[in-house]
Amino acid sequence: QIYSDGTNGILKNTNGNYILLDTDNFAIRSQAGSNRIIVNAAGIDVTGTATMDNAEIGTGGASDANAILDLTGDATYTDFGFRVIRKSGANAGTDLRHRGTGDLKIEAVEAAAIAFETSDIERMRIDSSGNVGIGTSSPDTLLNIASASAPTLRIENTDVTLADGQVIGAVEFYSADTSGAGAGVVGGMQLLSTNSTGAETSLTFGTSKTADGNNVERMRIDSSGNVG
């Protein structure tokens with residue numbers, strides 16, 4: 001049926017669903033009269049589930065502008081709970097913004113890996129076992145760093161006024177076993193500043209023993225190379 005009620009143009013099918021045209025809106029309504037889709041000067045408002053093969057946001061514009069996708073699932077953050085922003089311009093950035101104190105999760109539900117790429121080349125991967133590979137797509141350990149050009153792991157201290165005895169960096173080995181000297185850091189290495197300017201350093205090594213406690217210094221290489 002196609003008719004006018006004096007104010008609105010209406011197209012109705014035999015199931016009772018209909019399209020309504022008024023001075024401001026184009027609306028598709030259910031049998032009960034509730035709006036399912038509204039199109040007006042402000043945009044498009046969809047109530048319910050929208051199924052589509054492809055959705056493009058921001059295309060067709062006459063000039064550069066931000067393209068924004070907002071997901072809202074609560075009554076607290078009514079503007080957005082999660083936002084994807086492609087900023088304006090050919091080489092602009094892209095932001096992912098999560099609101100609230102809940103976790104932001106990136107989840108592969110099945111036994112799949114999560115890969116990270118730059119310049120269209122894979123740089124890091126978390127495989128289905130939880131192993132992390134940097135420079136390798138098949139990590140063999142919890143953290144596997146690979147490179148054909150001197151793979152390096154760096155610990156950097158940004159303090160520009162190091163003091164005598166200050167720890168510049170450390171590697172610690174922690175055990176949850178409560179036997180012996182108890183759970184805690186049971187061994188490690190420390191690089192210490194050994195003068196007031198931080199210009200000289202010593203490298204210490206620690207191990208644990210029930211009678212002595214955990215992570216007790218056992219050996220030191222001083223700034224002259226002497227070993228004690």
Side-chain angles (χ1 to χ4, degrees), residues 5 7-139 141-146:
D5 61 5
T7 303
N8 306 306
I10 298 174
L11 172 62
K12 182 180 287 187
N13 66 13
T14 56
N15 294 324
N17 300 313
Y18 61 95
I19 298 173
L20 179 143
L21 299 173
D22 61 22
T23 55
D24 298 315
N25 301 296
F26 170 87
I28 299 177
R29 293 183 173 178
S30 65
Q31 299 174 28
S34 59
N35 292 322
R36 311 308 291 175
I37 300 176
I38 298 177
V39 181
N40 55 32
I44 301 175
D45 187 3
V46 178
T47 301
T49 302
T51 302
M52 60 195 75
D53 294 328
N54 187 46
E56 295 186 3
I57 299 172
T59 57
S63 60
D64 291 341
N66 288 349
I68 301 174
L69 173 64
D70 286 341
L71 304 179
T72 304
D74 61 83
T76 300
Y77 303 106
T78 55
D79 49 353
F80 71 92
F82 182 72
R83 173 173 284 179
V84 181
I85 304 175
R86 172 60 182 185
K87 296 182 179 179
S88 63
N91 295 301
T94 300
D95 293 352
L96 302 178
R97 300 183 181 179
H98 167 71
R99 300 193 68 184
T101 58
D103 294 340
L104 172 60
K105 292 184 178 181
I106 301 174
E107 180 179 359
V109 177
E110 312 302 337
I114 298 175
F116 300 85
E117 297 185 359
T118 63
S119 301
D120 203 29
I121 299 173
E122 182 176 319
R123 307 298 186 181
M124 186 175 77
R125 170 179 294 247
I126 305 172
D127 70 13
S128 59
S129 300
N131 292 337
V132 177
I134 299 175
T136 175
S137 60
S138 54
T141 56
L142 283 175
L143 178 61
N144 191 163
I145 301 173

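We're numbering straight along the sequence, starting at 1. The figures that follow rest on heavy atoms only: side chains count, while hydrogens, waters and symmetry mates do not.
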For this session: Indicate whether any N or O donor in one side chain lies under 3.5 Å from an N or O acceptor in the other, for Ser137 and Arg125.
Result: no
For this session: Can you see which heavy atom on Gly58 is nearest to which on Ala67, and at what distance?
Result: CA-CB, 4.2 Å
Exercise. If only atom types and distance count, is the side chain of Asn66 paired as donor or acceptor with the main-chain N or O of Ser88 below 3.5 Å?
Worked result: yes
Seminar exercise, completed: In terms of heavy-atom contacts, Ser128 and Ala111 come closest through CB-C, 3.8 Å
Seminar exercise, completed: Separation between CZ (Phe82) and CG (Leu104), nearest 0.5 Å, reads 6.0 Å
Exercise. Are any of the side-chain heavy atoms of Pro139 and Asp127 separated by less than 4.5 Å?
Worked result: yes
Exercise. Are the side chain of Thr141 and the backbone of Leu143 linked by a donor-acceptor contact shorter than 3.5 Å?
Worked result: yes
Problem set entry | From OG1 (Thr72) to OH (Tyr77), nearest 0.5 Å | 12.5 Å
Exercise. Which residue pairs pass the salt bridge (Lys or Arg N to Asp or Glu O under 4.0 Å) test with at least one member in residues 80-96, sequence neighbours excluded?
Worked result: Asp70-Arg83, Lys87-Asp95, Asp95-Arg97
Problem set entry | Any side-chain heavy-atom pair of Val39 and Ile37 under 4.5 Å | yes
Exercise. Just by distance, do the side chain of Ser129 and the backbone of Asn131 share a donor-acceptor pair under 3.5 Å?
Worked result: no
For this session: With rounding to the nearest 0.5 Å, note down the distance linking CZ in Phe80 to CD1 in Ile68.
Result: 9.0 Å
Problem set entry | Atom CD1 of Ile106: over 12 foreign heavy atoms under 6.0 Å | no
For this session: Working to the nearest 0.5 Å, report the span between CD1 of Ile85 and CD1 of Ile57.
Result: 12.0 Å
Problem set entry | Spatial distance of atom CZ (Arg123) from atom OG1 (Thr136) [nearest 0.5 Å] | 13.5 Å
